Protein chains: 2
Amino acid sequence: MSQSDRTPRVRLVDVARAAGVSKTTVSDALNGAGRLPAATREHVQKVARALGYRPNATARLLRAGHTRLLGLAAREYVETPWVYADLAYFSQIVTATTQAALAHGYGVVLLPTYGPDDCWLDIPLDGVFVIDPVEGDPMVRDFLAAGVPVVADRRALAEVPVETREAGRWVDFDYGAAVRQVLDHLEAAGAERIAVVAGATTACFHQQSVRAYHEWCAEQGREPRIACLPAPGVEHTLQAVTELLAAPAPPDALFTLVELSPPLLLDTIRRLGRSVPGDLLLACTTEDSAACYTDPPISTLSFLPGETAQAAVDLLVDRLEGREGDPGHLFSADFRVRASSAVPERRGARRG
Amino acid sequence: MSQSDRTPRVRLVDVARAAGVSKTTVSDALNGAGRLPAATREHVQKVARALGYRPNATARLLRAGHTRLLGLAAREYVETPWVYADLAYFSQIVTATTQAALAHGYGVVLLPTYGPDDCWLDIPLDGVFVIDPVEGDPMVRDFLAAGVPVVADRRALAEVPVETREAGRWVDFDYGAAVRQVLDHLEAAGAERIAVVAGATTACFHQQSVRAYHEWCAEQGREPRIACLPAPGVEHTLQAVTELLAAPAPPDALFTLVELSPPLLLDTIRRLGRSVPGDLLLACTTEDSAACYTDPPISTLSFLPGETAQAAVDLLVDRLEGREGDPGHLFSADFRVRASSAVPERRGARRG
DNA sequence: TTGAAAGCGTTACCAG
DNA sequence: CTGGTAACGCTTTCAA
């Protein structure tokens, strides 16, 4: 690959010349194809090894017509240069995607989320998994227009010209339903003023969940108490929590929709003088497994990154290998009620 | 890319035919090369757009002779199929590598850590960053033999045939020194029985750090108290901690060398009936930023994933773009003393 | 200004 | 059983 080398790589033809045979024979000998006599095969292999020959991967790909490379992009915070390290959700998506891809013999390329438009089109990809596409996402549009199969969410696919849609597959959640499930639970547990921390992006998840919260509030005749963060970050998130809890007639429940270390959030709430669940019911959208080890364990809403990634890869690979599969897969979020949003009795007991 | 399509992709030559010009003209018109009259250029562009033409990435790469793709592999737990999601260190390495690569116009491919030997050689890579190579790592050997520049640690490079070593660069730490620094600190803070949780792999980091601990114990005439984990995982790690603390004459200091959520560890220690730093001094090797928000804040040892990744990419890119740069970069670990391993006064006060 | 043709390094088809 | 030769799809040099 390296062009800057003084010594150019040894090519198939070099081996052929050195071994006194043709390119075909070398190719066959090395790939176990054809029916060469063992002697020829071994001779060629020896020469190849002696010369340090390695096939050029790019040339093989051009020949093969596919690259067995899948792209992965997290688009939620397109503006801010890549911030997914602290986000357990994206970490787990990356891991699970890589594992699933590997199991099918595919590699995974982490795609740029920002930067010169179209730069992603220079990467030789067989398919792409786009997580949290933004509204009218150009990446989804471009790949689909280029005929590269894409897995995204239903909205992203609906936004794309119908004639390019054929290569699109989707994985999706009913985000609104998930949010309402948590709100209903908190209300049933006695919460009257539920505060929410959400993201201020055009990703489907945040748009739908914020909308669901507002609708829910309207139905219940309640005043929304919501902080929308334009970017992730521990500082800002804790700050938002602090401000929400400092409001006059402070909330008696908190529901976070952005990732934040659960033990840390718990600790912060305590330092603000509130007990959980005594003064404040708590439910977190998180993939951090630490949530069930805290005291009290924290109720969590999970969007199943492992399952999602697995499904996305399967969808992509089915399409790539010519199998007619499902057009997509709808998941249900996983809400686990734990002691942090406990039943009303306990709260009444404490206060009475 | 997708071969399974009924409708084969439209190629350069198709556009040329449709526009009534030659391939050259199309290429020039689309790439802004040559000095075509504006009319021709626009005409070609219009036809290309109408046909939905997208250049084939693989073919361009073959022509270009490079792929602008960098491989990234975490080799520490080669046996276990990819377990880096919960590990803040690897997450941050991935993010930082991607960012740094992007800044140079390179993409990043996540490499398989296990699976059919050599399968990584089929991926068209310009360079590779191998984190925590194992002893005699075949991945490092193969890429170097193939003339693909590699960044790893010094040991990995030393193990490779000298004639292929030219394409190797390194980033490294003096792990032993880092470990001794922490042990010395804990001792100065009054610890007499320091327990350690480490990994049982052949990665440089674990080998050197475990050795340093044993040497330090020997020098001090102390009995080592160490748990070595063959694989990561919250359960196992907490279990190891529990066992170490349950020993007769229990340790008065704990130093973890494997990643574990700091707030969670603190919580666990407390549930075992020990206070930090009162009963137990605590220092963690971790990249989790939550460590400085706990109460008490936790002393941490960091191996600077951000800086390491940045340096690795720079080393790779310098080599690829023909610049003569450094052969490698030696880092010093970042040890931050916080209240969890506080000065002896406080411990005396509590106990007296 | 435009086009024909020569690569890039591999694999695969067919003659010999 | 082997070796020429034609793709794969693009860029670029060089003539016209």
Side-chain angles (χ1 to χ4, degrees), chain A residues 1-3 5 8-44 47-48 51-68 121-126 146-148, chain B residues 1-3 5 8-44 47-48 51-68 121-126 146-148:
Chain A
M1 301 280 89
S2 155
Q3 289 290 291
D5 252 330
R9 286 255 319 249
V10 13
R11 297 160 304 165
L12 188 67
V13 62
D14 300 320
V15 178
R17 261 196 283 271
V21 296
S22 78
K23 298 198 299 175
T24 311
T25 307
V26 176
S27 181
D28 285 350
L30 263 27
N31 296 331
R35 288 175 310 288
L36 306 177
T40 311
R41 188 163 306 225
E42 276 160 30
H43 174 234
V44 169
V47 172
L51 261 46
Y53 167 73
R54 307 284 158 150
N56 178 303
T58 308
R60 311 183 95 169
L61 296 184
L62 179 58
R63 193 80 248 288
H66 60 249
T67 63
R68 301 204 164 273
L121 287 176
D122 289 338
I123 304 177
L125 263 21
D126 279 353
V148 177
Chain B
M1 300 285 86
S2 155
Q3 289 290 291
D5 253 329
R9 286 256 317 252
V10 12
R11 297 160 304 164
L12 188 66
V13 61
D14 299 321
V15 178
R17 262 196 283 271
V21 296
S22 77
K23 297 200 300 174
T24 313
T25 307
V26 176
S27 180
D28 286 349
L30 262 27
N31 296 330
R35 287 176 310 288
L36 309 175
T40 311
R41 186 161 306 220
E42 277 160 29
H43 175 234
V44 170
V47 173
L51 260 46
Y53 168 73
R54 305 285 159 151
N56 177 304
T58 309
R60 309 183 93 168
L61 295 185
L62 180 58
R63 193 77 245 288
H66 61 249
T67 62
R68 299 204 163 274
L121 287 175
D122 289 339
I123 304 177
L125 262 21
D126 280 352
V148 177

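Just so you know, these numbers come straight off a predicted model, no measurement behind them.
- Under the 4.5 Å side-chain criterion, counting only non-hydrogen atoms from C-beta, A:R11 is not in contact with A:K23.
- Residues B:P55 and B:L30 form no side-chain contact, since every pair of their non-hydrogen atoms from C-beta on lies 4.5 Å or further apart.
- Scanning both residues, B:P124 and A:L61, for their nearest heavy atoms gives CG-CD1, 3.5 Å.
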Counting primed atoms plus P, OP1 and OP2 as sugar-phosphate and everything else as base, spell out the protein contacts along nucleotides 10-16 of chain D at 4.0 Å heavy-atom distance: B, S or - for each nucleotide, 5' to 3'.
BBBB---
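- Panel note: side chain B:R9, backbone B:R54; a donor-acceptor pair is recorded below 3.5 Å.
- By the salt bridge (charged side-chain N to carboxylate O under 4.0 Å, His left out) test, B:R41 pairs with no residue at all, sequence neighbours left out.
- B:T25 and B:S22 share a side-chain donor-acceptor pair at under 3.5 Å.
- Here the closest heavy-atom approach between residue B:G52 and residue B:V10 is recorded as O-CG1, 3.9 Å.
- We find that CZ of A:R17 is positioned 14 Å from P of D:dG3, with the value rounded to whole Å.
- Axis deviation across the helix from C:dT1-D:dA16 to C:dG16-D:dC1 amounts to 50°, comparing end segments of five pairs, rounded to 10 degrees.
- Rounded to an integer number of Å, the gap from B:L61 CG to C:dG9 C1' is 13 Å.
- The CG atom of A:D122 sits 17 Å away from the P atom of D:dG9 (whole-angstrom rounding).
- Summarising the geometry of B:D14 relative to B:L51, their closest heavy-atom pair is O-CD2, 4.1 Å, with the distance given to 0.1 Å.
- The side chain of A:T25 contributes an N or O atom lying less than 4.0 Å from OP1 or OP2 of D:dG3.
- Mapping B:L62 and B:T40 onto DNA chain C by nearest heavy atom places B:T40 at the nucleotide closer to the 5' end.
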